[in-house]
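Here's the structure we're looking at; comments come further down.
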Number of protein chains: 2
Amino acid sequence: MPDSPPSLDPVQLGAYFDLIEVTSLLRHAVEQQLRETGDLSYVQFQLLARLGDSPTGSHRMTDLADGVVYSRSGLTYQAGLLEKAGLVMRAPSPDDERSITVTITDAGRALLAKVLPGHIEVVSSMLFEPLSRDDVKALAGLLAPVRDHMRSTPPRSAAPRRRRGRA
Amino acid sequence: MPDSPPSLDPVQLGAYFDLIEVTSLLRHAVEQQLRETGDLSYVQFQLLARLGDSPTGSHRMTDLADGVVYSRSGLTYQAGLLEKAGLVMRAPSPDDERSITVTITDAGRALLAKVLPGHIEVVSSMLFEPLSRDDVKALAGLLAPVRDHMRSTPPRSAAPRRRRGRA
DNA sequence: GTCTACTGCTTCGAATTCGAAGTGCGCCGT
DNA sequence: ACGGCGCACTTCGAATTCGAAGCAGTAGAC
């Protein structure tokens, strides 16, 4: 079919706007809590959380950047900050001399633990309070396919993430 | 006061993470499209869209800031840029000498119209493609109460905030 | 009337962000 | 093995962001 006239029906538009607004508000609230509790920005928290979640406590820079949806240069900056604060360590990867492995320190884990309850409190009370258990399940069920779709559709001009081998 | 054990069940956690990731990815994609097509940042686009949507084509600064979830000082900056670009006009309100009324110009409307189709295209193909019509309805139905809840729960105020510094 | 508290916006300084360019390593074909 | 291409990360400069402080204008108490 030819491209339909480019427009979103009112329901789509509402969903889109609400999505943006909800996440913006949530992010602001969370950011404030993190700043107060642990003097962390949201990105820094995300990085620590990701590292703390890993079985090894470490990740490559690039994977971190992708995971958090962040620019590489920005990650370098934030990793530097976190390292200076003693929350992570950086070391060259053993197997690939190009890449850097970032590892969370005990101090990092401690701070994460200190900040986490408040974080969860905010998310819980802002995002989940008005939703029933089934609502949350439904939301998760809706977001998952969108997430997968987005992951598999890389930004238009960026290089497709091919490990090796050709198409 | 023994706060309830602060934790999110796995479903909630997944929904929360996906929400953040989806909007981050969407935002990046949209931002890129807007930059390419009309040399606009996302905030600038949001401001123009909001003004263009208004019956009068204008809004007070504060309402704009609240609408897009943005700091006041940031809005002053962006409004200045938009004005310099001839996309909006600023004039003191007749009834309240303190407040400034921002109005979209014809050039602003033109740029908005130029940029909108691509914007919709991106949102459509990234966010809505993997969702059926009913899915979207369900999503909208879930987000609306959350949005209302957040709006009615103003950011916890007046905590002595520490200086920005260090990690 | 006028004093005081509050609101709306701007200015200011510092921190964060990104993209482009730069450096060095690893992979592949010849 | 050599050479070119591509990847991982960093550096650099410019633009954007925020909060705190500052400057009017407004509203309510008395």
Side-chain angles (χ1 to χ4, degrees), chain A residues 24 27-29 31-32 34-36 39-47 59-66 68-85 90-102 155 157-167, chain B residues 24 27-29 31-32 34-36 39-47 59-85 90-102 154-155 157-167:
Chain A
S24 291
R27 204 190 165 108
H28 273 256
E31 215 143 55
Q32 182 178 352
L34 289 174
R35 190 75 68 188
E36 289 172 7
D39 213 28
L40 284 175
S41 74
Y42 192 46
V43 194
Q44 293 172 335
F45 168 74
Q46 281 183 299
L47 295 175
H59 274 302
R60 300 187 318 148
M61 293 282 279
T62 293
D63 296 335
L64 275 178
D66 287 346
V68 171
V69 186
Y70 205 63
S71 74
R72 277 84 215 274
S73 53
L75 179 59
T76 294
Y77 176 73
Q78 288 296 346
L81 254 41
L82 288 176
E83 187 176 39
K84 212 176 308 180
R90 281 191 290 186
S93 284
D95 66 326
D96 187 338
E97 198 58 40
R98 289 173 298 182
S99 71
I100 300 272
T101 300
V102 184
S157 69
R161 267 187 128 254
R162 269 182 304 203
R163 269 321 212 170
R164 70 209 34 156
R166 322 181 359 88
Chain B
S24 291
R27 204 191 164 104
H28 273 257
E31 215 142 55
Q32 182 179 351
L34 289 174
R35 191 74 66 188
E36 288 172 5
D39 210 30
L40 283 176
S41 73
Y42 191 47
V43 195
Q44 294 171 335
F45 168 73
Q46 281 182 299
L47 294 176
H59 273 304
R60 299 187 319 145
M61 293 282 279
T62 291
D63 296 335
L64 276 179
D66 289 346
V68 294
V69 187
Y70 205 63
S71 75
R72 276 85 216 279
S73 52
L75 178 58
T76 295
Y77 176 72
Q78 289 297 347
L81 289 184
L82 288 175
E83 188 176 39
K84 211 177 305 179
R90 281 192 290 186
S93 283
D95 63 329
D96 187 338
E97 200 57 40
R98 286 172 300 183
S99 74
I100 300 274
T101 299
V102 184
S157 58
R161 201 103 37 90
R162 274 206 250 129
R163 213 165 173 275
R164 273 186 146 185
R166 281 196 22 235

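Note on naming: letters A, B, ... go to the chains in the order of the sequence lines (proteins, then strands), and numbering restarts at 1 for each one.
Between A/L82 atom CG and D/dT10 atom C1' the separation is 16 Å, expressed in whole Å. When the C1' atom of D/dA8 is taken as reference, atom CD1 of A/I100 falls 8 Å away, rounded to whole Å. Going from atom CZ of A/R72 over to atom C1' of D/dC7 covers 10 Å, rounded to whole Å. Here C/dG19 presents its C1' atom at 14 Å from CG of B/D39, a figure rounded to the nearest Å. Counting to the nearest Å, the P atom of D/dA15 and the CD atom of B/E31 are 16 Å from each other. Across the protein-nucleic acid pair, B/R60 atom CZ and C/dT10 atom C1' stand 16 Å apart, rounded to whole Å. In this structure, CZ of A/R27 is placed 9 Å from P of C/dT17, rounded to the nearest angstrom. Atoms CG (A/L75) and C1' (C/dT16) sit 13 Å apart, rounded to a whole Å.
Summarising the geometry of A/I100 relative to A/S93, their closest heavy-atom pair is C-OG, 4.2 Å, with the distance given to 0.1 Å. Nearest approach of A/L34 to A/F45, heavy atoms of both residues: CD1-CB, 3.5 Å.
For B/S73 against D/dG19, a side-chain N or O and a base N or O form a donor-acceptor pair under 3.5 Å. Looking at B/R98, its side chain comes within 3.5 Å of the base of C/dT7 through a donor and an acceptor atom.
For B/S99, the listed nucleotide lying nearest its side chain is C/dC9; candidates were D/dA8, D/dT26, C/dC9.
Closest-nucleotide positions on DNA chain D for B/D96 and B/R35 were compared, and the one nearer the 5' end corresponds to B/R35. Each of B/M61 and A/E97 has a nearest nucleotide on DNA chain C; the 5'-most of these lies closest to B/M61. Two residues, B/H28 and B/A79, neighbour DNA chain C, and the one matched to the more 5' nucleotide by heavy-atom proximity is B/A79.
Using a 4.0 Å heavy-atom cutoff across all strands shown, B/L64 reaches no nucleic acid atom at all. Counting any heavy atom pair closer than 4.0 Å across all strands shown, A/Y77 reaches a base atom.
Distance check, rounded to the nearest 0.5 Å: OG1 of B/T62 to CZ of B/R98 gives 9.5 Å.
In summary, B/R72 and B/D66 engage in a salt bridge, as defined by a charged side-chain N under 4.0 Å from a carboxylate O.
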